[in-house]
Amino acid sequence: MRTLFTQRNLRRLALGMALAMLVAACGGDDEAAEDAAAAEAAETASAAEAEAAAMEAEMSAAMEAEEEPEVSTGPFTYKLAIFSDPTTDNPWAYLDTEGDVWNQYVLSPAIPSLYGSTFPSYTVVPNLAADVEPPLGAPDGDNWVIDVGIRNDVVWSDGTAITAHDVAFTFNTVKDLAMGGNFFQMYPLAREDDPDTEDNEGAQGLISVEALDDHTVRYTWSQQPGLAQWQFGTAQAAIFQKAFWGPHVEAANGADDLYAVSGEGAPSGGSTVFDQREPGAFARTVANPNPNDPGARTVTYSSGGVTFSGDVSWEVGDTSGDVTSDSVGGPYISDAIYSVYETQDAAVLALRDGEVDFMLNPLGLQRGLQATVLEAGDLDVIANSSNGFRYLAFNTRRFPGSETSFRQALACMIDKEFMATNVLQGVAIPLNSMVPPGNAFWANPDVQPWCGGQSQEERVNSAVQILRDAGWTWDVEPAWNADNRDVIPKGAGLRGPDGTPVEPMQLLAPGPGYDPLRATYSLFIADWANDLGIPLTAEPTGFSVIVDRVFGPTDWDMYILGWGLTIFPDHVADFFDSRADSATTGGYNIPGYNNPELDSKADGLKAETDLNEAARIVREMDAILANDVPYVVLFTTPVLEAYRNTLEFPSTEVLDGLQNFLALPGSVNLAQ
C-alpha cells in the first residue's frame, strides 16, 4: 500500500542506508556512487529525523535501561487499538476501492507476494520466489520476458501449494475485471495509446502473466520494465488463491460483485488468517496454522544486506555492516484483536488498563499523551521519522479548483512555519516536497513554499496579486489593515477570470478526536481563504467518510488527508498521472489533475532502470507539482508509538514506525 532506521547508535547513518538498500535491492554494485549518495544524505539530514532523535532522548531519560529480555514462544492474543472501522473484509476490495489504512492493518498480513520489503531495512527480498533477487529477464521479439521460479515448499493456510497458477489467476482477474487502486501499481497493464492498435503494438506495460508450470511464472512486458514497474511493483504484487476465489470470479459480473464476497476464512499465504469483524467494535485475525518458514532466522545489517536461514537459505545485498535486527520467524500469537476506539484518549486509557497492547495508528501517538503513557510502568513509547505527509487537495475537475491561479493564491496564504511553530507548538514539521526529507536520496531540496518567508501582510498582497494577474475580480477587494493587523475589508464577491462567481465551498478534514493537527489546520485554512473572499467552511468529517466522499466521486471541493509512502517514490506518478484519475479509472489521482508534461515524465519514471536517473525525474516532477499545486503538502510528524513492554519486537527502529509493518503480527512475541 501507498505506505530505515537501525539501532539507536546508528540513527545518523539511516539516510545513507536508504540509498544503499535500494542499490542492493536492484543489484547495483557501484560502491563509489553509494558512498557519494550517503555523504549527500548525511549533509541533508532532515528536521524530522532530528525531532525524532530529540524525542527518543527525552523518552530514554524517562525509562530505565533494561537488559535484553529472553523471549517466550506464546501463543498469546495480540490486542491492538485502531481508530476507524475497517470498511471491508474482502482483500480484493481493500486493494482497490477500499484502500484505507485500517483495512490494510487487518487484511494485508494474509496476502502473499513473490518478493517483499524486509523489516526494518526495506530491502527487497524473496518471499515465495525461488530466485533470490527479481530476475531482470531478456528481450523476446518485440517484447520483454521475465521468468520467475516459485519455491515448491510454500503453501496456503489450508495446506495446499501456492503455485504459478495462483499468480496468473490474480493477474487475469485484475485485468478482466478492470480493477484499479493499488492494482495499477502492482499490475501496470499494457495500455493502448491508439484504441485501433491491434496485437498490443504500441502498448506500454505488462501484457500477460502465465504459468509455464506449477513453479514457473512468466511475465511478458511490452518493453523492459523499470524499477517502479518491476522490482518495486509487480515483483511485490499481491497473490490470491485460485481454488477459493476462482468460483467467485466466474460468478461476478464485475469487480463490485467480487468485492461483495466476504473474505472471512479465505486461505492466507501470510502470517494471519482473517476471522471476523464486528462493525463499530473489533476485527479479529488468527494465526496461520500452516505458516511458511516458521523458525527461520532473518538478520538485517546497517549496510542494507539481509541473510535468511531456514528450510532455504539466501543472502541479499551488503552484509558487512552492523546487525540491526536478528529475529526468528513466527507467528507466536494465537490471534490478533483490532479494537476500534473513537479517540486516542480512550485508547490510552485502554492501554493503561490492559485492554490493548499496542496503539496502531499511521499518525502515531499524540505528543500530548506521551507523558500519560510513560507514567505507567509497563508501557513504552518509541519515536521514528515519518515517510509520509498530510496535505490539502483541490478538486481540479471543476471551478474554482480547476484554476491554477486559485490554487496558487490559497497556497500563498498558508503559512506553514507559523502553523508548525506558533499554532501546533513544534509538534508538526512543515513540508514542501512531495517526497519527505527523511527519504533524502529522492527528495527535492529546491522546492520552496509559495510566498515562503513572507509576513501575513505580504502573503495577502501576493495572493491578491496572483489572482488579479490571472483576471480574477472582487466586489470588495481584500486589503491588509496595518492598524488592526488583519484583512479589513475581507474579500467579497470573488469572480473567476470569465466572471463565474465563487460559490460557498467545503473543506473536509478529520475532526479533533481523530487528528487535532489536521482539524486545527483546516480552521486556519478556511479563515485565510475567507480573507481572500473565498467562502470556504471547514467541515470536521470522519476519516472513512472523507475517503468515500472523494475517492471516485467528484462532488467535493477540498479535503485534508495524509499518505504513508513507499521508499521508491513513484507516488509522484500514481497520485497525479491523468490516466489514474480516481473518477474514471479508479486510480489514485483523486484531484483529477491533468498535465501532459507530468504524464510524459510519469511514463519515463515507470520505465527507468537507472536509480540516479529515476531520482532526477522524481525531482523534476516534484517541481512541476509544486508550481501547479493539485496538493499543498502541509506537514509531517515523527511517528510516536505506544505499546506494552511485555511485547518483544525484532527492532523498534524503522522509518515510519512499526505501524508501517502492520505492528508485526508475524514476529511479535512476549518478553519474559
Side-chain angles (χ1 to χ4, degrees), residues 15 18 40-41 43-52 385-394 396 404-424 426-456 458-459 462-463 466 517-518 520-522 524-525 528-529 558-567 569-576 591 593 595 598 601 615-638 655-656:
L15 298 177
E40 176 186 351
E43 292 173 0
T44 57
S46 68
E49 184 186 6
E51 176 76 4
S385 290
S386 171
N387 186 33
F389 56 71
R390 272 82 130 192
Y391 65 98
L392 167 71
F394 298 90
T396 69
T404 303
S405 54
F406 174 86
R407 305 192 300 266
Q408 292 171 341
L410 189 52
C412 178
M413 291 291 289
I414 299 172
D415 190 339
K416 301 176 188 178
E417 293 291 342
F418 168 78
M419 289 298 299
T421 303
N422 295 68
V423 178
L424 303 181
V427 175
I429 300 163
L431 290 184
N432 302 311
S433 170
M434 287 288 174
V435 182
N439 200 358
F441 177 69
W442 301 95
N444 187 342
D446 297 327
V447 170
Q448 299 298 317
W450 278 90
C451 306
Q454 294 187 7
S455 67
Q456 198 57 41
E458 292 168 331
R459 288 176 180 275
S462 296
I466 290 171
L517 303 185
R518 282 182 287 188
T520 302
Y521 230 115
S522 69
F524 275 82
I525 290 174
W528 283 323
M558 293 181 242
Y559 71 84
I560 297 178
L561 281 179
W563 284 112
L565 307 171
T566 55
I567 291 297
D570 53 337
H571 64 274
V572 294
D574 296 334
F575 292 172
F576 303 107
Y593 173 72
N595 182 330
L598 188 113
K601 290 186 180 296
R616 183 189 65 78
I617 297 172
V618 167
R619 296 184 191 111
E620 289 179 350
M621 296 175 71
D622 206 344
I624 292 171
L625 294 167
N627 179 75
D628 287 359
V629 206
Y631 282 5
V632 179
V633 181
L634 298 173
F635 67 94
T636 188
T637 57
L655 181 63
D656 246 5

| request: Check side chain to side chain donor-acceptor pair (under 3.5 Å) between Q448 and all other residues, then give those that pass, not counting sequence neighbours. | output: none
| field | Residues in side chain to side chain donor-acceptor pair (under 3.5 Å) contact with S455, at least two apart in sequence or another chain | value | E458
| field | side chain to side chain donor-acceptor pair (under 3.5 Å) partners for D628, two or more places apart | value | Y593, N595
| field | Contacts of type side chain to side chain donor-acceptor pair (under 3.5 Å), residue N444, not counting sequence neighbours | value | none
| request: Under the side-chain contact (heavy atoms from CB on, under 4.5 Å) rule, collect the residues that match up with A529, sequence neighbours excluded. | output: L410, I534, L536
| Any residue meeting side-chain contact (heavy atoms from CB on, under 4.5 Å) with A409, in chain and number order, not counting sequence neighbours | A463, I466, L467, L532
| For F418, ring-ring contact (aromatic ring centres under 6.0 Å, His included) partners two or more places apart | none
| field | For K416, salt bridge (charged side-chain N to carboxylate O under 4.0 Å, His left out) partners two or more places apart | value | none
| query | Should the pair Y631 and F575 be assigned to parallel (<30°), tilted (30 to 60°) or perpendicular (>60°) ring geometry? | reply | tilted
| remark: Residue set satisfying side-chain contact (heavy atoms from CB on, under 4.5 Å) with E620, at least two apart, ordered chain then number -> K601, R616
| query | Does D622 use its side chain to pair, donor to acceptor, with the backbone of S433 at less than 3.5 Å? | reply | no
| query | Can you name the residues that form a side-chain contact (heavy atoms from CB on, under 4.5 Å) with V629, not counting sequence neighbours? | reply | F394, R407, Q408, A411, W450, V632
